[in-house]
Amino acid sequence: MASNAAVPFWRAAGMTYITYSNICANLVRNCLKEPFKAESINREKVHFSLSKWSDGKPQKPVLRSDTPQV
Amino acid sequence: MLKQASRLLSRSVAAASYKSATTRAFSTELPSTIDSTFVEAWKKVAPNMDPPQTPSSFMKPRPSTPSSIPTKLTVNFVLPYTSELTGKEVDMVIIPASTGQMGVLPGHVPTIAELKPGIMSVHEGTDVKKYFLSSGFAFLHANSVADIIAVEAVPLDHIDPSQVQKGLAEFQQKLASATTDLEKAEAQIGVEVHSAINAALSG
């Protein structure tokens with residue numbers, strides 16, 4: 001079994017496959033022509049709020065969003 | 001008494017599994033996944049207990065592999081946000097596997113291929129549709145079904161060549177000036193993806 005097979009350069013640098021795949025996808029999206037580029041960027045927008053819990057209580061939520069808060 | 005039972009059981013199971021291993025050396029289709037010699041040996045030793053289930057008895061049966069190679073390949077091509085092709089019957093697809101462009105015909109050996117950024121072309125008669133894939137995987141099954149999954153797939157005429165050139169130059173510069181391993185890796189990925197798009201647009 002090739003357990004010592006050459007690792008891809010990105011894994012050797014500490015990157016996971018998902019990170020690599022998402023970087024590739026973002027680069028491809030940036031190279032699109034105008035209407036398609038705007039659509040794809042719009043499609044990939046995320047908006048979520050994250051709060052860590054300790055002692056059974058939620059701490060201050062962290063909001064991560066691509067839509068600017070007005 | 002229990003020790004005797006396990007000794008008898010292991011002896012008869014060993015005999016049974018040896019026999020069944022040689023008679024079913026390369027079975028890709030296990031007959032109804034129940035080993036009757038094991039079940040009989042079990043019933044002799046523990047008639048009041050049900051024989052244990054094996055994981056394969058919980059699985060849905062795989063779609064059967066036809067004995068003659070089908071004439072068409074069934075392709076399922078999906079992206080995270082849409083399903084481009086569902087069960088489409090085609091003659092051939094060429095996928096950008098990390099080991100090079102791989103042509104897939106009906107009856108291809110079952111394979112799991114990791115895809116690199118490159119062109120995938122779907123051939124149906126004289127009709128060829130090309131997509132540039134950012135990365136993904138291709139699962140080729142024994143029954144001539146190909147499941148191709150990618151994160152981004154764009155037709156070549158959706159790509160802006162000037163952006164690609166700009167991106168390539170930018171990442172080549174980043175690669176030259178990168179310090180940490182991670183920066184180098186990211187710049188390298190940028191160079192590879194843009195070079196692949198360039199090659200796709202010109203080739």
**Q.** A:Leu32 versus chain B, the contacting section by heavy-atom distance below 4.5 Å
**A.** both
Q. Of all of B:Ile159, B:Val154, B:Asp181, B:Leu133, which one pairs up most often with chain A through heavy atoms under 4.5 Å apart?
A. B:Ile159
Q | Heavy-atom pair of closest approach, residues A:Cys31 and B:Gln163 | A | CA-CB, 4.0 Å
Q. Taking all non-hydrogen atoms of both residues, which atom of B:Asp157 and which atom of A:Lys33 are closest, and how far apart?
A. O-NZ, 2.8 Å
Q: To the nearest 0.5 Å, tell me how far B:Tyr81 OH sits from A:Ser40 OG.
A: 7.5 Å
Q) Considering only heavy atoms, which portion of A:Asn30 lies under 4.5 Å from any heavy atom of chain B: side chain, backbone, both, or neither? A) backbone
**Q.** Heavy-atom side-chain contact between A:Trp10 and B:Glu192 under 4.5 Å
**A.** no
Q: Go through the atoms of A:Glu34 and report whether side chain, backbone, both or neither lie under 4.5 Å from a heavy atom of chain B.
A: neither
Q | Stepwise side-chain contact (heavy atoms from CB on, under 4.5 Å) check, B:Lys184 with A:Phe9 | A | CA-CA 9 Å; B:Lys184 275 195 211 131; A:Phe9 65 90; over 6 Å; no
Q) Can you name the nearest heavy-atom pair linking A:Ala25 to B:Val151, along with the distance? A) CB-CG1, 3.5 Å
Q. Near B:Leu182 CG, under 6.0 Å, is it more than 12 heavy atoms from other residues, nucleotides or ligands?
A. yes
Q: Could you tell me whether the side chain of B:Asp160 reaches within less than 4.5 Å of the side chain of A:Lys37, counting heavy atoms only?
A: no
Q. Considering residues, nucleotides and ligands other than B:Lys130, do more than 12 of their heavy atoms fall under 6.0 Å from its NZ?
A. no
(Q) With a sphere of 6.0 Å drawn around CD1 of B:Ile112, does it hold more than 12 non-hydrogen atoms of other residues, nucleotides or ligands? (A) no
Q: Measure the CD-CD1 distance between B:Glu186 and A:Ile23 for me, rounded to the nearest 0.5 Å.
A: 4.5 Å
Q. Pick from A:Pro8, A:Pro35, A:Ala13: which one has the most heavy-atom pairs with chain B under 4.5 Å?
A. A:Ala13
Q. How long is the span from the NZ atom in B:Lys116 to the SG atom in A:Cys24, to the nearest 0.5 Å?
A. 12.0 Å
Q.
Let me confirm one number: the CG-CD distance from A:Asn22 to B:Glu152, rounded to the nearest 0.5 Å.
A. 10.0 Å
**Q.** Side chain, backbone, both or neither of B:Val164 within contact of chain A (heavy atoms, under 4.5 Å)
**A.** both
(Q) Which label fits B:His158 and A:Phe36: parallel for a plane angle under 30°, tilted from 30 to 60°, or perpendicular past 60°? (A) parallel
(Q) Tell me if the CD atom of B:Glu183 is crowded by more than 12 foreign heavy atoms within 6.0 Å. (A) yes
